[in-house]
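Below, chains carry the letters A, B, ... as their sequence lines are ordered, and counting in each starts from 1. Only this structure's heavy atoms are used, side chains among them; waters, hydrogens and symmetry mates stay out.
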Amino acid sequence: MTHAPATAPTTEATGADIRVRFCPSPTGTPHVGMVRTALYNWAHARRHGGTLIFRIEDTDAARDSEESYHQLLDAMRWLGIDWDEGVEVGGPDGPYRQSQRREIYADVIAKLKDAGVIYESFSTPEEITERHRAAGRDPQLGYDGFDRDLTEEQKAAFRAEGRLPVWRLRMPDDDITFEDMVRGEITFKAGSTPDFVVVRGNGQPLYTLVNPVDDALMGVTHVLRGEDLLSSTPRQIALYRALIEVGVATAIPRFGHLPYVLGEGNKKLSKRDPESNLFNYRDQGFLPEGMVNYLALLGWGYSADQDVFTREQMVERFDASDVNPNPAHVDFKKATAINADHMRLLDPVEFTERMVPYLQKAGVVSDPITEHEHALLAAATPLVQPRMNLLGEAPDMLRFLFIDDADLTIAEDALKKMGEDPAAVVDRAITEVEAISEDDFAAARLEEALRAAIVEDMGIKPRLAFGPLRSAISGRRISPPLFESMELLGRDSSLARLRAGREVFAGLA
RNA sequence: GCCCCCAUCGUCUAGCGGCCCAGGACACUGGCCUUUCACGCCGGCGACACGGGUUCGAAUCCCGUUGGGGGUACCA
């Protein structure tokens with residue numbers, strides 16, 4: 001019986017020699033926990049000038065989909081998480097989709113068989129449970145090692161019964177200890193991890209085998225992954241020892257287990273949860289900068305008193321040992337607030353461009369956007385940039401600027417709390433605006449004239465004086481600043497809307 | 001059952017033995033600013049799960065309890 005060396009070396013790679021990977025299964029839509037893992041791996045690689053490998057673990061044909069694969073690419077590109085080797089870009093250790101690496105696994109499996117570190121197992125789950133029961137052991141215990149030392153005659157007898165054996169890895173009988181990058185030293189007691197299956201009865205390898213094999217073949221030095229895989233680490237380390245023995249690997253990577261990302265309460269973020277779907281955030285108008293920042297905050301902080309930071313700042317400081325081991329809960333409001341700060345930070349010219357797709361999707365501007373629409377949007381940018389939290393707010397905020405005067409309707413809530421006689425207020429405003437020439441039609445001039453006439457002369461409070469005007473101009477209770485909006489609309493349009501508004505208000509009384 | 005992880009304001013966290021009767025952010029809330037809504041500014045509310053140790057001294061180290069979570073598959 002062969003024993004893998006109990007003192008296999010752990011990698012000592014640092015700096016540019018660091019190689020990390022992100023290796024999702026293409027099932028479903030990318031969710032925030034998964035993307036956070038990608039981000040941390042990326043930050044770890046960039047911080048040290050190392051390499052990020054992007055591999056796809058599509059060994060489960062029943063659940064994997066090509067659509068999901070493309071969504072993964074889309075997510076990575078949207079967030080600006082670039083990789084050095086992997087799918088789409090290639091690299092020295094390809095192919096990078098496990099579905100295309102069958103022969104490679106077959107080769108490694110053969111080596112493991114030859115070395116005797118994996119063995120054939122014919123036991124059925126029922127038999128294992130029954131043996132535990134018969135021996136007075138807890139029947140819930142895992143595999144009991146029954147087939148470890150079967151003779152050739154016994155194996156032949158099982159085969160004669162038509163049984164297809166699986167192949168299991170011989171677990172070492174020592175405690176397995178490793179230094180987790182985020183949690184420190186962790187020890188799994190000897191005997192707590194049963195010999196596990198690495199090859200199915202049909203000859204196909206399992207995740208438990210291909211994941212470490214690919215990591216070894218690709219020279220991965222640091223494995224940053226979800227906490228759900230913490231318990232499988234002793235198995236991986238044992239397999240690594242075997243891989244080192246057969247010459248497939250040279251050292252065990254360092255592991256780091258990232259905390260869970262939870263939803264409301266203490267439940268795991270389920271795939272159905274809208275908060276778990278990355279694209280949901282994009283649809284609502286999150287900036288990739290804001291999303292990256294928020295994702296980073298799910299377990300890591302830039303400094304004690306600053307939680308808004310750029311991708312570059314994250315790269316400057318990210319360190320796996322600073323990752324907090326406790327689970328994080330997603331907080332949409334906090335995420336929105338972080339995004340809002342990034343909205344303010346954006347260059348106005350850039351901000352304008354970012355709004356365009358959202359406005360097009362809502363039908364506010366044409367696709368492609370016309371020159372006139374673009375100019376108007378650029379002019380409106382300074383008005384809305386400081387007051388938006390998500391790009392998705394742009395359509396409601398700006399629609400009134402892009403529609404024909406005749407198409408403007410006044411929303412119901414914009415007809416309330418108008419004061420005693422909104423029609424009279426609007427009427428007076430029309431008189432004042434008519435007195436302003438096309439050349440003088442600017443926000444400051446408008447405010448001066450309207451304030452003097454309505455607030456001072458008519459004695460109406462600013463709130464009640466400008467409310468009706470806002471409703472008439474924008475059709476909404478909430479809008480960009482009134483006078484600036486009028487300036488953007490121009491004299492003719494402003495007057496047309498005020499006149500229409502006057503009729504509506506008169507009809508209310 | 002067995003194995004493993006986690007434990008500071010509602011939430012994300014700072015804290016790695018004295019700087020902490022615990023700091024920041026979001027949320028909530030009072031006020032200021034004000035052409036609405038925001039932004040911005042000032043203030044408030046609000047936490048070291050519990051019990052033992054170790055120490056001159058513990059949120060920080062150790063043990064236990066409790067409470068969460070995960071694993072224990074021929075899923076990944």
If you check every side-chain atom of [X], which of [options] has the closest atom?
X        : options                : value
A:Asn326 : B:rU13, B:rA76, B:rU36 : B:rU13
A:Ile186 : B:rC4, B:rG70, B:rA76  : B:rC4
A:Gln140 : B:rC4, B:rA76, B:rG1   : B:rG1
A:Ala328 : B:rC6, B:rC12, B:rU36  : B:rC12

Starting from [atom2] on [N], measure out to [atom1] on [X] and report it in whole angstrom.
X        : N      : atom1 : atom2 : result
A:Leu258 : B:rC5  : CG    : C1'   : 13 Å
A:Glu120 : B:rC74 : CD    : P     : 16 Å
A:Leu229 : B:rC75 : CG    : P     : 16 Å
A:Leu209 : B:rC75 : CG    : P     : 13 Å
A:Tyr207 : B:rG71 : OH    : C1'   : 13 Å
A:Phe188 : B:rC4  : CZ    : P     : 7 Å
A:Tyr294 : B:rU13 : OH    : C1'   : 11 Å
A:Met171 : B:rC4  : CE    : C1'   : 13 Å

Who pairs with [N] - Watson-Crick or G-U, where each distance is under 3.5 Å:
N      : value
B:rC2  : B:rG71
B:rC20 : none
B:rG43 : B:rU29
B:rU36 : none

Hey, does [X] reach any base, or is it just sugar-phosphate, or nothing, if we go heavy atoms under 4.0 Å?
X        : value
A:Ser479 : base
A:Gln306 : nothing
A:Gly201 : base
A:Val166 : base
A:Gln204 : nothing
A:Arg476 : nothing
A:Ser471 : nothing
A:Asp138 : base
A:Pro480 : base

**Request:** By nearest nucleotide on RNA chain B, pick out whichever of A:Asp341 and A:Glu185 is the more 5' one.
**Result:**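 Its nearest nucleotide lies further toward 5', so the answer is A:Glu185.
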**Message:** Between A:Val182 and A:Arg344, which residue's closest nucleotide on RNA chain B lies nearer the 5′ terminus?
**Reply:**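 Its nearest nucleotide being more 5', the pick is A:Val182.
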Gap in Å between the two [atom1] atoms, one belonging to [N] and one to [M], rounded:
N      : M      : atom1 : value
B:rA7  : B:rU65 : C1'   : 13 Å
B:rG69 : B:rA59 : P     : 28 Å
B:rA38 : B:rC19 : C1'   : 39 Å
B:rC33 : B:rG23 : C1'   : 28 Å
B:rU60 : B:rA47 : C1'   : 15 Å
B:rG24 : B:rA14 : P     : 15 Å
B:rA22 : B:rU13 : C1'   : 13 Å
B:rU55 : B:rC62 : C1'   : 12 Å

**Message:** Assess the residue pair A:Asp319 and A:Ser321 against the criterion (side-chain hydrogen bond (donor to acceptor under 3.5 Å, both in side chains)); give the C-alpha distance rounded to whole Å, side-chain angles, the decisive distance to 0.1 Å, and a yes or no.
**Reply:** CA-CA 5 Å; A:Asp319 192 313; A:Ser321 68; 2.9 Å; yes
If you compare every side-chain N and O of [X] against the phosphate oxygens of [N] (OP1, OP2), does one of them come in below 4.0 Å?
X        : N      : answer
A:Arg451 : B:rU35 : yes
A:His329 : B:rC12 : yes
A:Asn324 : B:rG15 : no
A:Ser192 : B:rC4  : no
A:Arg200 : B:rA76 : yes
A:Asn389 : B:rC39 : no

Taking NZ, NE, NH1 and NH2 as the nitrogens, is one of them in [X] or [Y] under 4.0 Å from a carboxylate oxygen of the other?
X        : Y        : value
A:Asp214 : A:Arg21  : no
A:Asp307 : A:Lys334 : yes
A:Glu393 : A:Arg387 : no
A:Asp64  : A:Arg97  : no

**Request:** Apply side-chain hydrogen bond (donor to acceptor under 3.5 Å, both in side chains) to A:Asp147 and A:Ser123, showing your working.
**Result:** CA-CA 7 Å; A:Asp147 310 84; A:Ser123 300; 2.7 Å; yes
Check whether the side chain of [X] and the base of [N] form a donor-acceptor pair under 3.5 Å.
X        : N      : value
A:Arg235 : B:rU72 : no
A:Lys334 : B:rA25 : yes
A:Ser231 : B:rG70 : yes

**Asked** Between A:Phe318 and A:Trp300, how do the two ring planes meet: parallel, tilted or perpendicular, split at 30° and 60°?
**Response**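 Rings of A:Phe318 and A:Trp300: tilted, as their planes differ by 30° to 60°.
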**Message:** Does the plane of the ring in A:Phe286 sit parallel, tilted or perpendicular to the ring in A:Tyr281? Use 30° and 60° as the thresholds.
**Reply:**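 Ring orientation, 0 to 90° scale: perpendicular.
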**Asked** Where do A:Asp322 and A:Arg317 land on the salt bridge (charged side-chain N to carboxylate O under 4.0 Å, His left out) test, with the steps shown first?
**Response** CA-CA 10 Å; A:Asp322 290 332; A:Arg317 291 203 188 168; over 6 Å; no
